[in-house]
Amino acid sequence: MENSETPRKKHPKAYENLDFLNSPVARTIRVECEMTEPFYRLYPYGIKKTIVMFGSARTPSRADAEENLARERRKVAELPIPDAEKKARLTVAEMALKNSRYYEDARMLARDLTRWSMERFPKKEDGFYICSGGGPGIMEAANRGAHEAGGKSLGLGIHLPFEQKTNPYVSPEFDFEFRYFFIRKYWFLYLAHVLIAFPGGFGTMDELFEMLTLVQTGKSGKRVPIILYGKDFWQRIINFDLFRELGYISAGDLNIFSFCDSVGEARELIIRKIAESDILVDKKVADEDGLQPHHLDPRCSRGFVKQKSGGGKNPAS
């Protein structure tokens, strides 16, 4: 017989039950949270426009690549391993050093664009912010360049089975970590006014073709300039002209993106495209699918201060 004096176990409220929230049953809740929480965090800062930069997480800085090559040369000279293995290890290190130019170019481009935005748009809410995937390689270079220019930048990270920390140059208040790739890509495009793709692997290709498809089909409601940095790489990896020749894309689809081979060329093209055009091409799509300020206003939520005479915190809702 149950003792009436024994305290009954109190179950947590549904929204405080971590076992429930991390279960398969609550997947839709997690998806909705990842869709809306970034808006909640960004709205007070007035961030509306980003310049998205992505590329390989394996691209090192020049200093790191040079250090790694020197280390590999010492190792192969000391280790009792076959000549073929020595050659292979040196080839990998030498290729990393060659590819490091993309890290340095991304770093310089992000620095230049951040400085341009800060000088051109004194009001922070009017400016353009560098946005990366938050990880190492090209992503680090992008955030590093913005940091060196004295500006803020976003990092839209992703939770992976293997450890990948956010690079130290992402502004702490704009450091995001997503569980779902498709929502991360949604936020990449939602704020993007320019997309710059540097050489990379599967992840880079996935992000690039997602963006190309959304712009081509008009589902984004925007015509975002897409820059492919490193023409030789992109033309060797993807035969865009063959897509057109075989009838899988139209000739006009080749105008969705542009090639650039230098920081100066990319910087001038991006600034010109921003100045020349309004990227919003379908207001109906934007109104129907876009998050609007009156839908979610964090200033009316717990912890935010009202911008009115007398101030004071809003009452809890």
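Residue numbers run from 1 in the order of the sequence given.
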Task: Inter- and intrachain pairs under ring-ring contact (aromatic ring centres under 6.0 Å, His included), touching residues 124-145, at least two apart - done: W116-F128, F121-F128, F128-H193
- [ ] Give the intermediate values and the outcome of side-chain contact (heavy atoms from CB on, under 4.5 Å) for residues Y180 and R27.
- [x] CA-CA 10 Å; Y180 301 103; R27 181 175 291 114; 3.5 Å; yes
Open item on the list: For K152, I'd like to know if atom NZ has over 12 heavy atoms of other residues, nucleotides or ligands within 6.0 Å.
Closed with: no
Open item on the list: Is the positively charged end of R41 above the ring of F176, judged by distance under 6.0 angstrom from the centroid and angle within 45° of the axis?
Closed with: yes
Open item on the list: Main chain of G133, side chain of R184: is a donor-acceptor contact present, judged purely on distance under 3.5 Å?
Closed with: yes
Task: Atom of A197, atom of L208 and distance for their closest heavy-atom approach - done: CB-CD1, 4.3 Å
Task: Interatomic distance, F188 atom CZ to M53 atom CE [nearest 0.5 angstrom] - done: 12.0 Å
- [ ] Rounded to the nearest 0.5 Å, what's the gap from OG1 on T50 to CG on L156? Could you check?
- [x] 8.0 Å
TODO: Walk me through it: do Y15 and F20 pass the test ring pair (Phe, Tyr, Trp, His ring centres under 6.0 Å)?
DONE: CA-CA 8 Å; Y15 56 84; F20 161 67; over 10 Å; no
Open item on the list: Aromatic contact between Y229 and F198, with the criterion being ring centroids under 6.0 Å apart: yes or no?
Closed with: yes
- [ ] Would you mind telling me which of E85, R89, R74 makes a side chain to side chain contact (heavy atoms under 4.5 Å, CB included) with L79?
- [x] R89
- [ ] Kindly indicate whether the side chain of E66, heavy atoms from C-beta on, has any atom under 4.5 Å from the side chain of R62.
- [x] yes
Open item on the list: Between M205 and I238, is there a side-chain heavy-atom distance shorter than 4.5 Å?
Closed with: yes
- [ ] Apply the test side-chain contact (heavy atoms from CB on, under 4.5 Å) to residues F233 and L228: give CA-CA distance (whole Å), side-chain angles for both, the deciding distance (0.1 Å), then the verdict.
- [x] CA-CA 9 Å; F233 169 84; L228 304 184; over 6 Å; no
Task: Polar contact flag, side-chain donor to acceptor under 3.5 angstrom, Y45-E125 - done: no
TODO: Specify the closest pair of heavy atoms between I130 and A142, including all atoms of both residues, with the distance to one decimal.
DONE: CG2-O, 3.7 Å
Open item on the list: So that I can tick it off, tell me whether E148 and R107 are bridged by a salt bridge, with the cut-off set at under 4.0 angstrom between side-chain N and carboxylate O.
Closed with: yes
Task: Trace of the side-chain contact (heavy atoms from CB on, under 4.5 Å) decision for S61 with D64 - done: CA-CA 5 Å; S61 67; D64 287 345; 3.3 Å; yes
- [ ] Quick one: closest heavy-atom pair of A266 and C260, and the distance?
- [x] CA-SG, 3.7 Å
Task: Donor-acceptor under 3.5 Å (N17 side chain, K13 main chain) - done: no
Open item on the list: Do I196 and Y169 sit in one hydrophobic cluster, given that two such residues count as connected whenever their side-chain heavy atoms are within less than 4.5 Å of each other, even indirectly?
Closed with: no
Open item on the list: Check this for me, if you would: do K273 and E276 make a salt bridge, where the nitrogen-to-carboxylate-oxygen distance has to be below 4.0 angstrom?
Closed with: no
Open item on the list: Counting C-beta onward and ignoring hydrogens, is there a side-chain heavy-atom pair between F257 and I227 closer than 4.5 Å?
Closed with: no
Open item on the list: Check this for me: E32, atom CD, are more than 12 non-hydrogen atoms of other residues, nucleotides or ligands nearer than 6.0 Å?
Closed with: no
Open item on the list: Nearest 0.5 angstrom please: K219 NZ to L189 CG, how far?
Closed with: 12.0 Å
- [ ] Quick one: pull up CG in N68 and OG in S100 and give me the separation to the nearest 0.5 Å.
- [x] 11.0 Å
Open item on the list: Do Y102 and I226 land in one hydrophobic cluster if side-chain heavy atoms of ILVMFWY residues count as linked below 4.5 Å?
Closed with: yes
- [ ] Drop me the distance from C131's SG to I51's CD1, to the nearest 0.5 angstrom.
- [x] 10.5 Å
Task: Pair D206 + K185: basic N to acidic O under 4.0 Å - done: yes
TODO: Using a 4.5 Å cut-off on heavy atoms from C-beta on, say whether the side chain of D253 contacts that of S250.
DONE: yes
Task: Side-chain donor-acceptor pair present, N143, S132, cut-off under 3.5 Å - done: yes
Task: Nearest-0.5 Å distance, CE of residue M211 to CD1 of residue I256 - done: 13.5 Å
Open item on the list: Salt bridge or not between K231 and D261? Use side-chain N to carboxylate O under 4.0 Å.
Closed with: no
Open item on the list: Before you tell me yes or no, could you show the steps for E67 and E72 under side-chain contact (heavy atoms from CB on, under 4.5 Å), namely the whole-Å CA-CA distance, both residues' side-chain angles and the distance that decides it to 0.1 Å?
Closed with: CA-CA 9 Å; E67 182 180 340; E72 285 300 309; over 6 Å; no
TODO: Please check if atom CZ in R179 has more than 12 non-hydrogen atoms from other residues, nucleotides or ligands closer than 6.0 Å.
DONE: yes
- [ ] Compare all side-chain heavy atoms of V52 with those of V194 and state whether any distance is below 4.5 angstrom.
- [x] no
Task: K87/D83 ion pair, N-O < 4.0 Å - done: no
Task: Sub-4.5 Å side-chain heavy-atom contact between P199 and N99 - done: no
Open item on the list: Applying a strict under-4.5 Å side-chain criterion to I, L, V, M, F, W and Y, I'd like to know whether L160 and F178 cluster together.
Closed with: yes
TODO: Without swapping roles, check the side chain of K49 against the backbone of D126 for a donor-acceptor pair under 3.5 Å.
DONE: yes
Task: Residue pair E140 / Y103, side-chain heavy-atom distance below 4.5 Å - done: yes
TODO: Determine the minimum heavy-atom distance between V215 and R223, stating which atoms define it.
DONE: CG1-CA, 4.4 Å
Open item on the list: Please check if the number of heavy atoms outside F202 that lie under 6.0 Å from its CZ is greater than 12.
Closed with: no
Task: Where P38 and C33 come nearest, the two heavy atoms and their spacing - done: CD-O, 4.1 Å
Task: Side chains of I81 and K86 in contact at under 4.5 Å (non-hydrogen atoms) - done: yes
Task: R120 atom CZ, over 12 foreign heavy atoms within 6.0 Å - done: no
Open item on the list: Between Y190 and F39 (judged by ring centroids, cut-off 6.0 Å), do the two rings come close enough to count as a pair?
Closed with: no
Open item on the list: Tell me whether V263 shares a hydrophobic cluster with M118, the cluster being built from Ile, Leu, Val, Met, Phe, Trp, Tyr side chains joined at under 4.5 Å.
Closed with: no
- [ ] Indicate if F54 and L109 have the same hydrophobic cluster label, given that clusters are the connected sets of ILVMFWY residues with side-chain heavy-atom separations under 4.5 angstrom.
- [x] yes
Open item on the list: Could you check whether E119 pairs with R115 (Lys NZ or Arg NE/NH1/NH2 to Asp/Glu carboxylate O, under 4.0 Å)?
Closed with: no
Task: Closest approach of A65 to P60 (non-hydrogen atoms, all atoms of both residues) - done: CB-CG, 3.8 Å
TODO: Mark yes or no for whether R111, through its side chain, and G150, through its backbone, hold a donor-acceptor pair below 3.5 Å.
DONE: no
